[in-house]
Trainee: 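Quick one: structure below, then a few questions.
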Protein chains: 2
Amino acid sequence: MAANLLNARDMALHACLCAASRPLSAYDLLDARRAAEPRIAPTAIYRSLTKLEKAGLVQRVATLNAWIARPPKLPAEPSVLAICDSCGAVEQVAEAGVIQAVTDAVTRSGFHPNRPVIEVHGHCTRCESETDPTRSAPR
Amino acid sequence: MAANLLNARDMALHACLCAASRPLSAYDLLDARRAAEPRIAPTAIYRSLTKLEKAGLVQRVATLNAWIARPPKLPAEPSVLAICDSCGAVEQVAEAGVIQAVTDAVTRSGFHPNRPVIEVHGHCTRCESETDPTRSAPR
DNA sequence: TCATTTGATGTTACTCTATAACATCTTCGG
DNA sequence: CCGAAGATGTTATAGAGTAACATCAAATGA
Ligand SMILES: [Zn+2]
Ligand SMILES: [Zn+2]
Ligand SMILES: [Zn+2]
Ligand SMILES: [Zn+2]
């Protein structure tokens with residue numbers, strides 16, 4: 001056995017995501033890594049991201065096809081994401097009660113929940129006050 | 001003006017989604033439509049889907065990159081999706097209270113919510129009883 | 001009526017995201 | 001040393017979505 005342990009590359013990708021102020025796509029990470037590893041391929045990036053996700057260190061943003069680092073303080077569980085469609089920032093809201101409410105709701109209808117994905121698009125405080133509220137929101 | 005009205009093609013796509021027992025990708029719909037319109041292109045499919053979504057007749061499933069028809073009874077608002085990772089069926093759970101709880105949670109942290117996406121992966125009643133609970137869940 | 005404009009649709013080509021398939025290397029037990 | 005099992009490298013391809021521009025059709029107004 002001995003390797004779903006994180007290696008130097010995994011750590012480097014995690015560091016990229018920690019340093020970024022917004023979610024990065026796998027191909028953003030690929031470009032970033034190419035500086036140090038010119039021959040690295042998409043498969044390697046996705047393998048690292050999968051490992052990091054299992055370790056609770058990163059989380060995929062389904063509605064953006066992108067990835068974020070998880071704050072070390074939060075438990076290794078999915079969180080509610082608040083995604084600003086103006087500046088691209090993503091806030092991870094630790095609201096265990098809300099997640100519970102969602103899984104309870106689907107359980108009530110006979111479903112067996114396993115992996116909740118909760119992402120809310122909108123505007124962060126800064127952008128809401130700065131910009132014209134009439135804006136189009138990307139997918 | 002006179003055309004964000006739905007045309008025959010839009011209706012045909014909606015009918016495909018209504019008839020399907022699981023979400024269809026835009027390219028599934030493309031293949032289906034090619035029988036009647038051999039030269040139709042992806043752009044046309046996406047244009048129709050955008051129109052149908054605005055009309056509240058279809059909803060995108062972000063975690064599957066696919067589309068479902070909305071039950072006519074439900075209001076034209078996003079619903080909580082319960083996605084079975086075994087059989088692929090998606091149940092649309094009408095739980096306005098839960099959606100409100102989610103938007104309230106992010107509002108509490110200063111965010112201005114606009115478009116909530118709530119999708120829960122797991123197993124439907126049938127699959128949970130029939131199959132081995134140890135399974136891998138796709139993204 | 002006819003030119004102008006405006007939005008819808010067709011068409012081509014492309015970008016971005018993700019994975020399949022298979023080769024190669026490494027580690028470890030025997 | 002040998003073989004198995006897993007990690008990693010490498011190539012190629014599938015799948016999702018959009019940009020850009022041509023073309024067409026209906027509406028408008030002189
Ligand atoms: Zn913002
Ligand atoms: Zn706003
Ligand atoms: Zn099922
Ligand atoms: Zn289950």
Side-chain angles (χ1 to χ4, degrees), chain A residues 1-13 16-17 20 22-34 36-55 58-68 83 85 88 117 119 121 136-139, chain B residues 1-13 16-17 20 22-34 36-55 58-68 83 85 88 117 119 121 136-139:
Chain A
M1 60 175 74
N4 35 0
L5 301 182
L6 303 178
N7 60 27
R9 176 190 293 162
D10 302 330
M11 295 307 200
L13 291 186
C16 282
L17 289 172
R22 1 140 98 269
L24 300 179
S25 76
Y27 283 75
D28 290 338
L29 291 166
L30 181 65
D31 290 342
R33 258 337 261 168
R34 283 245 159 97
E37 296 184 77
R39 313 219 8 111
I40 193 172
T43 14
I45 300 294
Y46 283 101
R47 283 168 182 162
S48 276
L49 287 171
T50 301
K51 259 200 284 183
L52 288 164
E53 191 175 43
K54 278 180 189 155
V58 309
Q59 181 175 348
R60 201 179 106 101
V61 185
T63 53
L64 296 177
N65 294 334
W67 301 78
I68 54 178
I83 302 165
D85 289 325
V117 174
E119 302 179 5
H121 284 254
S136 64
R139 167 145 298 133
Chain B
M1 63 176 68
N4 37 358
L5 300 182
L6 303 179
N7 59 27
R9 177 190 291 161
D10 302 330
M11 295 308 199
L13 291 186
C16 282
L17 290 173
R22 4 148 86 272
L24 299 180
S25 76
Y27 282 75
D28 291 337
L29 291 167
L30 181 64
D31 291 342
R33 258 335 262 168
R34 283 244 159 98
E37 296 184 76
R39 319 229 351 124
I40 192 173
T43 23
I45 301 294
Y46 283 102
R47 283 169 183 162
S48 275
L49 287 172
T50 302
K51 259 201 282 182
L52 288 164
E53 191 175 42
K54 278 179 190 157
V58 308
Q59 179 174 350
R60 202 179 103 101
V61 186
T63 53
L64 297 176
N65 294 335
W67 301 77
I68 54 177
I83 301 164
D85 289 325
V117 174
E119 301 179 6
H121 284 254
S136 63
R139 166 146 298 132

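Everything numeric here is computed off the predicted structure, so don't read it as measured data.
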Trainee: By nearest atom, which of the nucleotides dT12(C), dG10(C), dT11(D) is closest to the Ala44(B) side chain?
Mentor: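 Per side-chain heavy atoms of Ala44(B), the pick is dG10(C).
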
Trainee: Once you round it to whole Å, what is the distance between P of dT8(D) and CG of Leu49(A)?
Mentor: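 Nearest whole value for this atom pair: 14 Å.
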
Trainee: Okay, side chain of Glu119(A), backbone of Val61(A): is any donor-acceptor separation there less than 3.5 Å?
Mentor: no

Trainee: State whether the distance check finds a donor on one side and an acceptor on the other, under 3.5 Å, for side chain Thr43(A) versus base dT8(D).
Mentor: no

Trainee: Indicate whether OP1 or OP2 belonging to dG10(C) is found under 4.0 Å from a side-chain N or O atom of Arg9(B).
Mentor: yes

Trainee: Counting the atoms with a prime plus P, OP1 and OP2 as sugar-phosphate, which does Ser25(B) contact under 4.0 Å by heavy atoms, base, sugar-phosphate, or nothing?
Mentor: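 The answer is sugar-phosphate, as Ser25(B) gets under 4.0 Å only of primed atoms, P, OP1 or OP2.
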
Trainee: Please report the distance, rounded to the nearest Å, between CG in Asn7(B) and C1' in dA8(C).
Mentor: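 So the two atoms are 10 Å apart, to the nearest Å.
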
Trainee: Could you check how far CZ of Arg60(A) sits from P of dT17(C), rounded to whole Å?
Mentor: 10 Å

Trainee: Please evaluate residues Leu49(B) and Leu29(B) with respect to the criterion side chain to side chain contact (heavy atoms under 4.5 Å, CB included), reporting the C-alpha separation (whole Å), side-chain torsions for both, the decisive distance (0.1 Å), and the verdict.
Mentor: CA-CA 10 Å; Leu49(B) 287 172; Leu29(B) 291 167; 3.9 Å; yes

Trainee: Can you tell me the distance, in whole Å, between the CG atom of Leu30(B) and the C1' atom of dA14(D)?
Mentor: 14 Å

Trainee: Which heavy atom in Ile40(B) sits nearest to a heavy atom in Ile45(B), and how many Å separate them?
Mentor: CD1-CD1, 3.9 Å

Trainee: Round to a whole Å and report the spacing from CG of Asp31(B) to P of dA16(D).
Mentor: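 From Asp31(B) CG to dA16(D) P: 10 Å.
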
Trainee: Can you see if the side chain of Arg47(A) gets near the phosphate of dT10(D) - specifically, an N or O under 4.0 Å from OP1 or OP2?
Mentor: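 For dT10(D), neither OP1 nor OP2 has a side-chain N or O of Arg47(A) closer than 4.0 Å.
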
Trainee: Considering the options Ile68(B), Thr50(B), Asn65(B), which one meets the side-chain contact (heavy atoms from CB on, under 4.5 Å) requirement together with Arg60(B)?
Mentor: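 It is Asn65(B); the other options fail the test.
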
Trainee: How close or far is atom P of dC16(C) from atom CG of Asp28(A), stated in whole angstroms?
Mentor: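 My rounded result for the distance is 10 Å.
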
Trainee: Here's a test of your reading of the structure: between Pro42(A) and Pro42(B), which maps to the more 5' nucleotide of DNA chain D?
Mentor: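 Closest to the 5' end, via its nearest nucleotide, is Pro42(A).
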
Trainee: Given atom OH of Tyr46(A) and atom P of dA20(C), what is their separation to the nearest angstrom?
Mentor: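 Taking atom P of dA20(C) as the reference, OH of Tyr46(A) is at 12 Å.
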
Trainee: Counting just side-chain N and O atoms, does Tyr27(A) come under 4.0 Å of either OP1 or OP2 of dT17(C)?
Mentor: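 Answer is no, no contact under 4.0 Å.
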
Trainee: Roughly, in whole Å, what's the span from CD1 in Ile45(B) to C1' in dG10(C)?
Mentor: 13 Å

Trainee: Say whether, by atom type as modelled, one donor and one acceptor occur between the side chain of Asp31(B) and the main chain of Asp28(B) under 3.5 angstrom.
Mentor: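 Checking the backbone N and O of Asp28(B) against the side chain of Asp31(B), no donor-acceptor pair under 3.5 Å is found.
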
Trainee: Taking for each residue the nucleotide of DNA chain C with the nearest heavy atom, is it Ala26(A) or Ile40(B) whose nucleotide lies nearer the 5' end?
Mentor: Ile40(B)

